[in-house]
Amino acid sequence: YQAMPRLARQPLRARVAAELLDLADSALATRDGDRTAVRITHDALADSVGSVRETVTKVIGELSRAGAVDAGYGRVVVRDRQRLRDLANG
């Protein structure tokens with residue numbers, strides 16, 4: 001229920017960025033230096049932010065082009081937490 005205000009008020013890009021930051025601090029994450037790999041599919045991420053896979057895939061592409069993440073099969077690597085945090089805050 002904590003994520004409900006996020007779902008209601010923020011644009012999708014900000015919701016995805018915020019969710020990835022939360023997941024980067026969870027048991028689904030593996031740290032390697034300044035990068036954090038989060039094991040999650042685009043489907044699962046879409047479910048968690050109230051969207052669909054296709055749209056979340058586009059947003060992850062935007063986040064990747066912004067230098068915040070890298071995406072791979074079943075994982076998203078957080079490259080730049082501050083950049084992702086800035087995107088999460090809109």
Side-chain angles (χ1 to χ4, degrees):
Y1 294 109
Q2 293 175 348
M4 292 305 278
R6 182 186 312 162
L7 291 174
R9 294 192 303 259
Q10 292 183 323
L12 182 60
R13 184 172 69 174
R15 295 191 325 249
V16 170
E19 184 68 12
L20 287 172
L21 285 169
D22 289 346
L23 290 170
D25 292 326
S26 76
L28 295 174
T30 306
R31 290 189 75 95
D32 182 16
D34 60 344
R35 292 179 177 219
T36 304
V38 178
R39 293 178 321 225
I40 191 164
T41 64
H42 291 193
D43 266 332
L45 186 55
D47 287 345
S48 69
V49 297
S51 187
V52 296
R53 182 191 53 81
E54 294 83 1
T55 306
V56 165
T57 297
K58 289 178 185 176
V59 170
I60 291 194
E62 292 172 11
L63 297 176
S64 180
R65 286 187 294 282
V69 302
D70 285 327
Y73 183 77
R75 69 179 174 82
V76 177
V77 177
V78 177
R79 289 178 25 199
D80 186 337
R81 279 183 181 252
Q82 186 57 51
R83 179 71 179 133
L84 199 56
R85 195 172 293 115
D86 291 345
L87 293 165
N89 291 326

### Query
Is there side-chain contact between Leu45 and Ile60, with heavy atoms separated by less than 4.5 Å?
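Side chain of Leu45 against side chain of Ile60, heavy atoms only: contact under 4.5 Å found.
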
Quick one: side chains of residues 83-90, donor-acceptor pairs under 3.5 Å with protein atoms, not counting sequence neighbours, listed by atom name and distance.
residue: Arg85; atom: NH1; partner: Gln82; partner atom: OE1; Å: 3.0
residue: Asp86; atom: OD1; partner: Gln82; partner atom: NE2; Å: 2.8
residue: Asn89; atom: ND2; partner: Arg85; partner atom: O; Å: 3.2

Name every donor-acceptor pair, under 3.5 Å, that has one atom in a side chain of residues 24-31 and the other anywhere in the protein, sequence neighbours excluded.
residue: Asp25; atom: OD1; partner: Arg81; partner atom: NH1; Å: 3.3
residue: Asp25; atom: OD1; partner: Arg81; partner atom: NH2; Å: 3.3
residue: Ser26; atom: OG; partner: Leu23; partner atom: O; Å: 2.7
residue: Ser26; atom: OG; partner: Leu28; partner atom: N; Å: 3.1

#### Entry: Shared hydrophobic cluster, Val77 / Val16 (ILVMFWY, side-chain heavy atoms < 4.5 Å)
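No, it is not one cluster - the side chains of Val77 and Val16 are not joined through contacts under 4.5 Å.
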
### Message
Can you list everything that forms a side-chain hydrogen bond (donor to acceptor under 3.5 Å, both in side chains) with Arg39? Sequence neighbours excluded, please.
### Response
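Arg39 satisfies side-chain hydrogen bond (donor to acceptor under 3.5 Å, both in side chains) with no residue once adjacent residues are dropped.
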
### Query
What heavy-atom pair brings Val49 and Glu19 nearest, and what distance separates the two atoms?
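Smallest heavy-atom distance, with atoms named: CG1-CB, 3.8 Å.
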
### Task
Scan for side chain to side chain donor-acceptor pair (under 3.5 Å) pairs involving residues 50-68, sequence neighbours excluded, and state none if there are none.
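Passing the test, one end in residues 50-68: His42-Thr57.
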
### Query
Atom CG of Leu20 and atom CG of Leu63: how far apart are they, to the nearest 0.5 Å?
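Answer rounded to 0.5 Å: 7.0 Å.
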
### Task
Output all residues satisfying salt bridge (charged side-chain N to carboxylate O under 4.0 Å, His left out) with Arg79, sequence neighbours left out; order by chain, then residue number.
Asp70

### Query
So, does Arg75 use its side chain to make a donor-acceptor pair with the main chain of Ala37 at under 3.5 Å?
no

